[in-house]
Amino acid sequence: MTISAPVGAAPQSGSTTKRSFGKTPDGQAVDLYVLTNKNSAEASITTYGGALVSLKIPDRNGKLADIVLGYDNVDGYVADKSYFGALVGRYGNRIGHAQFVLDGKTYTLAKNNGENSLHGGVKGFNKALWTAKTVSAKGGQSLELSYVSKDGEEGFPGNLNVTVIYTLTDGNALQIEYSATTDKKTVVNLTNHAYFNLAGQGSGDILGHLMVINADKFNPVDAGLIPTGELRDVAGTPFDFRKPTAIGARIDQADEQLKLGGGYDHNFVLRMPKDHGESLAARVVEPTSGRVMEVWTTEPGIQFYTGNFLDGKSIGKGGATYPKRSAFCLETQHFPDSPNQPKFPSVVLNPGERYHTITKYAFSVEK
Ligand code: GLA
């Protein structure tokens, strides 16, 4: 087989570079790693919160744009309350009443979201400094991040050793592989909280993006956004994204669940393949740029959040501001409040077991 470079273009090879991203308030050095693939697509990741800071992906004319929200330096991430691009843990999403029971013992967490615990607590993994090392990858560039969450941190039991490998493939996919082990029975639910706007960050709202979510059911929630326990059919509701539908087509309908979320802020129950491999969870098309994003995951759920709490007040990359609904998140995960919902897939991790999940954001274009 002959592989030829496009005429006039120099054959490229990928690279990974590192630079300073500033310092934490207590003076620790924070780095930014820039992964570039053979097509010049680029993913930047900081050791602070393991956040995906930028993601430059070509449109249908080959023009790159940065398609995730973020900040120009670490100070933005230290102040951030929106979890831009961050690695979220130890428990991504909400735990009702900020407590759960394991083997008869009640664990109490901080109530950092009304009565509930959100995204790991007051100082979740998004505010931790991760250790980074570049690792070799076939057909792409990889960065391995690790963090040890101490027994009792934010109220969770067990020393948890977490490793996350970001890979930018030469096929323009960003893969995130999460692993964890513990020395005491605990709960784990890791995700990434990237905010996407496939037309380019800071370019307006995402209501015209066409969304497909491969889910027949979703988790309706109460006023605190905790699942009621019901798995509700999407059929006949504004939550039916089984066929491509503009995000904005139904978002302001007088629907009880949309009102509770202030838009979409719900977990969808994914159709899982029987072999528990990666399944296509979602496909998003941005018609003006032609960019397409597919989300593949081993996880059973995905939180579709339409940036309802964004208020345009924080200053993002290049001075951009991010008003309400100027980005969407597709957070692959186990269902919210699983520690308190025996019927949901288990989030318990035992000593001797390995937590291992993979999520891939694959990019292409439509003409
Ligand atoms: C998740 C939650 C939202 C919101 C964001 C962060 O997506 O479901 O309600 O808290 O994180 O702002």
Side-chain angles (χ1 to χ4, degrees), residues 21-22 30 32 34 42-46 48-57 59 63-88 92-94 112-113 118-120 124-127 174 176 191-211 225 246-249 251-252 258 261-266 282 284-289 291-293 295 302-332 361 363:
F21 201 48
V30 177
L32 184 75
V34 181
E42 189 192 284
S44 304
I45 295 141
T46 173
Y48 188 84
L52 175 67
V53 170
S54 73
L55 184 59
K56 294 180 184 164
I57 297 293
D59 69 5
K63 192 167 170 272
L64 294 174
D66 183 358
I67 58 159
V68 293
L69 275 47
Y71 306 100
D72 283 326
N73 56 49
V74 71
D75 302 345
Y77 291 89
V78 170
D80 171 79
K81 290 192 169 56
S82 307
Y83 303 84
F84 283 174
L87 293 179
V88 178
N93 216 312
R94 293 176 175 79
N112 65 333
N113 189 243
L118 176 66
H119 291 333
F125 293 3
N126 59 306
K127 300 288 183 192
L174 182 71
I176 314 179
T191 193
N192 176 282
H193 210 301
Y195 284 72
F196 297 98
N197 184 327
L198 300 184
Q201 64 106 22
S203 72
D205 71 58
I206 43 75
L207 300 175
H209 286 55
L210 300 174
M211 175 68 71
L225 300 186
I247 292 176
I251 199 167
D252 290 321
L258 286 174
Y264 296 100
D265 194 352
H266 295 76
V284 197
V285 178
E286 199 288 300
T288 59
S289 65
R291 285 191 192 86
V292 178
M293 179 173 84
V295 185
I302 196 164
Q303 182 87 3
F304 175 41
Y305 169 59
T306 41
N308 313 312
F309 296 121
L310 295 175
D311 60 8
K313 283 186 189 150
S314 49
I315 306 293
K317 288 178 285 187
T321 54
Y322 305 128
K324 184 173 172 182
R325 297 182 182 159
S326 57
F328 65 90
C329 302
L330 286 167
E331 305 154 49
T332 56
Y361 298 94
F363 297 93

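Since the model is a prediction, treat every value here as computed from it, not as a measurement. We're numbering straight along the sequence, starting at 1.
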Gap between atom CG of L55 and atom CG of L174 - 0.5 Å precision: 6.0 Å
Minimum-distance pair of heavy atoms, taken over all atoms of L118 and N113: CB-CB, 3.6 Å
Any side-chain heavy-atom pair of K81 and F309 under 4.5 Å: no
Validation row: V88, F125 side chains within 4.5 angstrom (heavy atoms): no
Plane angle bin for Y77 and Y71 - parallel if under 30°, tilted between 30 and 60°, otherwise perpendicular: perpendicular
Distance, nearest 0.5 Å, that separates OG1 of T332 from CG of L330: 9.0 Å
Residues that N197 engages under side chain to side chain contact (heavy atoms under 4.5 Å, CB included), provided they are two or more places apart: A199, S203, I206, H209
OG1 on T288 to CG on D59, rounded to 0.5 Å: 9.0 Å
Interatomic distance, H193 atom NE2 to S82 atom OG [nearest 0.5 angstrom]: 8.5 Å
Shortest non-hydrogen separation from Y361 to N192 and the atoms involved: OH-O, 4.4 Å
Closest non-hydrogen atom pair between D66 and S54, with its separation: OD2-CB, 3.2 Å
Gap separating the CZ atom of F196 from the CD1 atom of I57, nearest 0.5 angstrom: 9.0 Å
Flag, side chain of K324 to backbone of G307, donor-acceptor distance under 3.5 Å: no
Atom of C329, atom of A194 and distance for their closest heavy-atom approach: SG-O, 3.5 Å
Flag for Y195-Q201: side-chain donor and acceptor within less than 3.5 Å: no
Close side-chain approach of R325 to N308, heavy-atom, < 4.5 Å: yes
Test item: L32 and I45 side chains (from C-beta on) under 4.5 Å apart, heavy atoms: no
Donor-acceptor pair, side chain of K317 and main chain of G202, under 3.5 angstrom: no
Pairs involving residues 195-205, ordered by first then second residue, that meet salt bridge (charged side-chain N to carboxylate O under 4.0 Å, His left out) (sequence neighbours left out): none
Donor-acceptor pair between N93 and Q303 side chains, under 3.5 angstrom: yes
Side chain proximity check, Y322 to F84, heavy atoms < 4.5 angstrom: yes
L69 vs L310 side-chain heavy atoms within contact, under 4.5 Å: yes
ring-ring contact (aromatic ring centres under 6.0 Å, His included) between Y264 and F328, worked out: CA-CA 9 Å; Y264 296 100; F328 65 90; over 10 Å; no
Between CG on residue L87 and CG on residue N126, distance to nearest 0.5 Å: 9.0 Å
Non-hydrogen side-chain atoms of E286 and I67 separated by less than 4.5 Å: no
Heavy-atom side-chain contact between S314 and D80 under 4.5 Å: no
